[in-house]
Amino acid sequence: MLGKLDWSAIPFDQPIPLIAGGVVLVGILAVLTWVVVKGHLPYLWREWITSVDHKRIGVMYVLLASVMLLRGGSDAIMMRIQQAIAYQSQGYLPPEHYNQIFSAHGTIMIFFVAMPFVIGLMNLVVPLQLGVRDVAFPTLNSVGFWLTATGALLVNLSLVIGEFARTGWLAFPPLSELSYSPGVGVDYYAWSLEISGVGTLVTGINLVTTVLKLRTKGMNYLRMPMFCWTTLASNLLIVAAFPILTATLAMLLLDRYLGFHFFTNEAGGNVMMFMNLIWAWGHPEVYILVLPAFGIFSEVVSTFSGKALFGYRSMVLATMAICIISFMVWLHHFFTMGAGPDVNAIFGIASMIIAIPTGVKIYNWLFTMYGGRIRFATPMLWAVGFMVTFTIGGLTGVLVAVPPADFLLHNSLFLVAHFHNVIIGGVLFGAFAGLEYWFPKAFGFRLDERWGKLGFWFTFAGFYVTFVPLYAAGMLGMTRRMQHYDVAEWRPWMIVAAVGMAVLTVGVICQIMQLVVSIRNREALRDRTGDPWDGRSLEWATSSPPPVFNFAFHPDVRGEDAYWHIKIHAQQQSLDHEVPEYHDIEMPRNSPTGFVCAFFATIMGFALIWHIWWMVILGGIGAFATFVVFAWRDHDEYVIPAAEVAAIDRVNLEERRSLVSMAGAL
Amino acid sequence: MAMSATYSEAHADPHHVGRAAEHPGPAPKRIVTAYGFWVFLLSDIVMFSCFFAAYAVLVDQTAGGPKGSEIFDQRNVAIETVCLLLSSFTCGMASIAADVRNRFWFYLSMAVTCVLGLIFLAIEFKEFADLVSRGSGPSRSAFLTAFFSLVGCHGLHVSAGVLWLLTMMAQVFAKGFRADVLRRMMCFALFWHALDIIWVGIFSVVYLLGSGL
C-alpha cells in the first residue's frame with residue numbers, strides 16, 4: 001500500500017535532521033496559521049499563487065531562491081565546522097550524514113538557489129526591458145515556477161522522511177546505482193531534478209520566445225539592453241542543455257527502477273557515458289548561471305557610471321561566443337578519464353579560449369567605468385567586488401584547464417575553491433547586485449543602503465577568508481568531500497576557513513537586516529518616480545511597481561539605451577504635455593494551473609521515490625486532467641478598458657514630469 | 001505621443017545599426033505560439049539525441065546476448081514505417097480540413113491518423129513483448145537497454161500524441177474551430193510530423209544499420 005515507506009524512514013536516531021526538520025515544520029505551520037488567521041489566504045491565492053504576471057512570478061522565484069540559500073548555507077556552515085574539528089577525530093557528524101550534507105549543499109545551491117535566482121530576475125526584468133506586457137506564455141511561466149518549487153520541496157522532504165543522496169551533487173554511477181545506493185536518497189535527488197528540470201526547460205522556451213518574438217516597436221536586436229542578450233544566450237543554453245539532464249537522469253532511473261544497464265558495471269553498461277552526458281549538460285549549466293549575472297553587471301556598471309555601456313557590440317559578440325564555446329569544453333571535467341593527450345589538449349584549449357570573450361567583458365566594464373561619474377551604491381559595490389573576485393576565479397580556471405595541472409589538482413580543494421570563486425563571485429554577487437538594483441522596481445521602495453553596504457563588505461571579506469585557505473589546502477593535497485583527516489598541515493587552513501564562514505554568516509545576517517529595516521522604513525525609502533537610479537533601459541520608464549500591463553502603450557524605441565534617450569529628449573523639449581492615446585489592453589487571466597500541476601507533480605514524485613504505484617497513477621491522471629481543464633477554458637483573457645489605463649498612467653506621468661523638471665533644474 | 005517623438009537619429013544611434021529594417025513590434029499570437037513550440041521540439045530532439053548517443057555507445061555491448069541482426073524483423077519495421085508515414089499525410093489532411101473549417105474531413109482524417117498511430121504502437125508493443133518473453137528484455141544487456149529505451153521513448157511520444165489527438169478531436173467537437181483550438185492543432189501537427197522525422201532516424205540508425213551488423 002505504501003511501497004517502501006514505513007516508520008523506519010523517519011530518522012528518530014539522528015537528532016540534527018530531526019530537530020532542523022522540526023524547527024522548519026513549526027516555522028511553516030506558524031506562518032500558515034498567521035496567514036489564515038489574519039485572513040491573507042484569499043489575497044495570496046488570488047494575487048500571487050495563481051498569478052501569471054511575470055513580475056510576481058519573478059518575485060516568487062527570488063523568494064524561493066533566498067529561502068533555499070539559507071538551507072544550502074546551513075549545510076555549508078555544518079561542513080566547515082566539521083572539517084575544522086575533524087582532525088584526527090570523527091567530528092560531530094557521522095559519515096553517512098556528512099555525505100548527505102555535501103550532496104544536498106551542491107544540489108540545492110545550483111538547482112534551487114542559483115537557478116531560481118537568475119530565472120527570477122530574468123522573469124522580472126526582461127519583458128520590462130523589451131517594452132512588452134508579459135512573457136510569451138504567461139500560464140506556462142507559472143507552471144515552470146511551481147514545478148521548480150516542487151523540486152525544492154522534495155529535496156527538503158528528504159531531510160525528515162528518508163534520506164538524501166550520498167553521491168555528490170551529480171550522483172555519479174556506479175555509486176548511484178541500486179547496488180551501491182539501495183536507499184531512496186538517489187531517487188529523491190533524481191526525481192526532484194527531473195521535475196524542476198521540466199520547469200526550467202519550460203522557462204527557457206518561454207524566455208527565448210519572448211526575446212526573439214516579443215519586442216516593442218523599434219527594439220532591434222542591437223538595441224536590446226545587454227541583460228536581454230545574456231538572457232537570450234542563457235535560455236538558448238537551457239533549451240539545448242536541460243533535455244540532456246532529463247535524458248541522463250531518466251537513464252539512471254531506468255537503471256535503478258527496472259534493472260537497465262546504461263551505467264552499471266555489469267552487462268556492458270558504460271559509466272563514462274554518464275560523465276560525458278551529465279557534463280554535456282553540466283558545463284553549459286555554469287554559463288546558464290553566469291551569463292545572466294554578466295548581463296546584470298553590464299546594466300549596473302553602465303547605470304552607476306552614468307555612461308552607455310562601452311563596446312556594446314563586442315559585448316554581444318562575447319556573450320554569443322561564450323554561449324557556443326561553452327558546449328565544447330565539457331570533457332575538462334574528467335581529463336583524468338584516460339581519453340588520451342590529444343582529446344585532453346583539444347578540450348583544454350577550448351576551455352582556455354572562453355577566457356578571451358570573458359576578458360573582453362571585463363575590459364568593457366572597466367572602460368565603461370573609465371571617465372564615468374561613478375556612484376558607489378550597493379549594486380555597484382557588488383559589481384566591482386565581482387570584477388576582482390571573478391578575475392581571480394577565472395585565472396585559477398585557466399590553470400585547471402591545463403590538463404597536466406589538472407591531473408594534480410583533480411578532485412582537490414583547489415578545484416572546490418575555484419568553482420566557488422566563480423559561482424559565488426560571479427553568480428551570487430550578480431544575483432545580489434540585481435536584487436539591490438531592481439528591488440525598487442519590483443516593490444516601489446529602495447533597500448537600506450547602510451545595511452546593504454555592511455552586507456556587501458562582510459560577504460566580500462568572508463568569501464576571501466573562507467576560500468583562499470581552500471586553495472592553499474588544495475595545493476597541500478587535501479581532496480574534496482573529506483569527512484575527517486589526519487594531516488596536520490591542513491588543519492590551520494580549515495580553521496581559517498571556518499572563521500571565514502562565520503564572517504560570511506554575518507554578511508547574510510546584514511542582508512536579512514537590510515530587508516527588515518527597509519520594509520519597516522518603506523515610506524521614507526519610497527520611490528515615486530519609478531526611476532531611482534537614473535536608469536537607462538525601459539524598465540525604468542514605467543512606475544514602480546509597474547502596473548499589471550507594464551506599459552500603457554508600447555514604447556517606440558529609437559536607439560540604444562532606450563529610456564535614457566526618452567529622458568534626454570523630454571528635457572531638451574522642456575516637457576511634452578501631449579496626452580498619449582490609450583487603448584483597451586488585453587491581459588491573460590490568472591490561473592491555478594501551475595499550482596495544481598505542481599501539487600500533482602509533488603504527489604507523483606513522492607510516490608515514485610517510495611514506489612507507491614497507485615499514487616503515481618493518481619498523480620499522472622491528475623496532471624493530465626489539469627491540462628485538459630486548462631485547455632477547456634473559454635475566457636483566458638480579460639480587458640482593461642482604456643479609461644482605466646489612462647487613469648493609472650496619469651499618476652505615473654505626473655511623477656515623471658516632476659522628475660524631468662527636477663533634472664532639468666539641475 | 002509624449003514619449004516617442006522623433007529626435008536626431010545620429011544622436012540616438014551612434015553605430016547606425018538601426019538604419020536597417022525597423023522592428024515592427026511584438027509578433028501576433030499565432031506566430032509566437034508556433035515559434036515557442038518549435039523551440040520545444042528542438043529541445044525534444046536534443047533529448048532524443050542523448051538516447052541515440054547512448055545507443056551508439058552501447059550497440060556492441062551485447063554481453064553475450066542477441067545482436068541487432070538476430071532480433072530485428074524487417075517486415076514488422078516496414079509496416080510500422082508505412083503506418084507512421086501515412087499518418088503524417090492524414091495528419092496534414094486534418095490540418096487542411098481545420099484550416100477550411102470542414103468538420104467531416106477533420107474528424108475523418110484525425111480518426112485515420114489515430115488508427116494508424118495505434119497500429120504502429122500495437123506492432124511495437126508486440127515486438128517488445130516477444131523479445132521480453134524470449135529472455136531478451138532490456139535488462140539482458142546494455143545493447144538491449146539502449147534499444148528498448150530509444151525505441152520505447154519514441155513509442156511513449158506516439159502514445160502521448162494519440163492522447164493529444166483525441167483531446168484535439170474532443171476540443172473541436174466542444175468548442176469548434178476557435179482561434180486557440182486552431183493554434184493547438186497547429187502545435188499538434190508539428191509534434192506529429194516531428195515524431196515522423198525521429199522515426200526516420202530510428203529506422204536508419206537502429207533497424208537498417210542494425211540488421212547488417
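Computed from a predicted model, the values in this text were never measured in an experiment. Order of the sequence lines sets the chain letters (A, B, ...), proteins ahead of strands, with each chain counted from 1.
Side-chain contact between A:Arg215 and B:Pro26 is absent, with no heavy-atom pair separated by less than 4.5 Å. Between A:Phe627 and B:Thr167 the shortest side-chain heavy-atom distance does not fall below 4.5 Å. Taking 4.5 Å as the limit, every side-chain heavy atom of A:Ile244 sits out of range of all side-chain heavy atoms of B:Met47. A 4.5 Å side-chain heavy-atom check between B:Phe51 and A:Met251 finds at least one atom pair inside the cut-off.
At most 12 heavy atoms of other shown residues, nucleotides or ligands fall within 6.0 angstrom of atom CH2 in B:Trp105. For B:Met169, the CE atom counts as densely surrounded, since its 6.0 Å shell holds more than 12 non-hydrogen atoms of other residues, nucleotides or ligands. No more than 12 heavy atoms of other residues, nucleotides or ligands shown are found within 6.0 angstrom of CZ on B:Arg30. Remark: B:Phe125 CZ is loosely packed, at most 12 non-hydrogen atoms of other residues, nucleotides or ligands lying under 6.0 Å away.
For A:Val132, the part lying under 4.5 angstrom from a heavy atom of chain B is the side chain only. Looking at B:Arg140, only its backbone comes within 4.5 Å of chain A, counting heavy atoms on both sides. With a threshold of 4.5 angstrom between heavy atoms, A:Phe263 does not approach chain B through any atom at all. Looking at A:Phe624, the atoms closer than 4.5 Å to chain B (heavy atoms on both sides) all sit in the side chain, from C-beta outward. Contacts of A:Ile205 with chain B are made by both backbone and side-chain atoms, with heavy-atom separations under 4.5 Å.
Residues A:Val239 and B:Ser43 approach most closely at O-CB, 3.5 Å, considering heavy atoms. The shortest heavy-atom contact between A:Phe262 and B:Ala54 is CE2-CB, 4.0 Å. The minimum heavy-atom distance between B:Cys50 and A:Ala247, with the atom names listed, is CB-CB, 3.6 Å. The two atoms that bring B:Lys29 and A:Glu637 nearest to each other are NZ-OE2, 2.8 Å, heavy atoms only. When all heavy atoms are compared, the tightest approach of A:Ala240 to B:Val46 is O-CG1, 3.2 Å. Contact between A:Leu254 and B:Ser149 at its shortest, heavy atoms only, is CD1-OG, 3.9 Å.
Note that the CG atom of A:Asn270 and the OG1 atom of B:Thr145 stand 12.0 Å from one another [nearest 0.5 Å]. Going from atom CZ of A:Phe260 over to atom CG of B:Leu58 covers 12.0 Å, rounded to the nearest 0.5 Å. Rounded to the nearest 0.5 angstrom, B:Ile31 CD1 and A:Leu214 CG are separated by 11.5 Å. In this structure, CG in A:Leu258 is found 11.5 Å from CZ in B:Phe148, a value given to the nearest 0.5 Å.
No other option in B:Ala142, B:Ala170, B:Gly64, B:Ala53 has as many heavy-atom pairs under 4.5 Å with chain A as B:Ala142. The candidate from B:Asp44, B:Leu163, B:Val181 with the greatest count of non-hydrogen atom pairs under 4.5 Å with chain A is B:Leu163. Put simply, of B:Phe40, B:Phe143, B:Phe48, the one with the most heavy-atom pairs under 4.5 Å next to chain A is B:Phe40. Residue with the most contacts toward chain A among B:Pro138, B:Ala146, B:Ala63: B:Pro138 (heavy-atom pairs, distance under 4.5 Å).
Side-chain atoms of A:His261 come within 3.5 Å of backbone N or O of B:Ser139 as a donor-acceptor pair. One N or O on the side chain of B:Lys175 and one on the backbone of A:Trp632 form a donor-acceptor pair closer than 3.5 Å.
The side-chain contact (heavy atoms from CB on, under 4.5 Å) with B:Val32 is formed by just one residue from the set A:Thr209, A:Leu212, A:Val135; it is A:Thr209.
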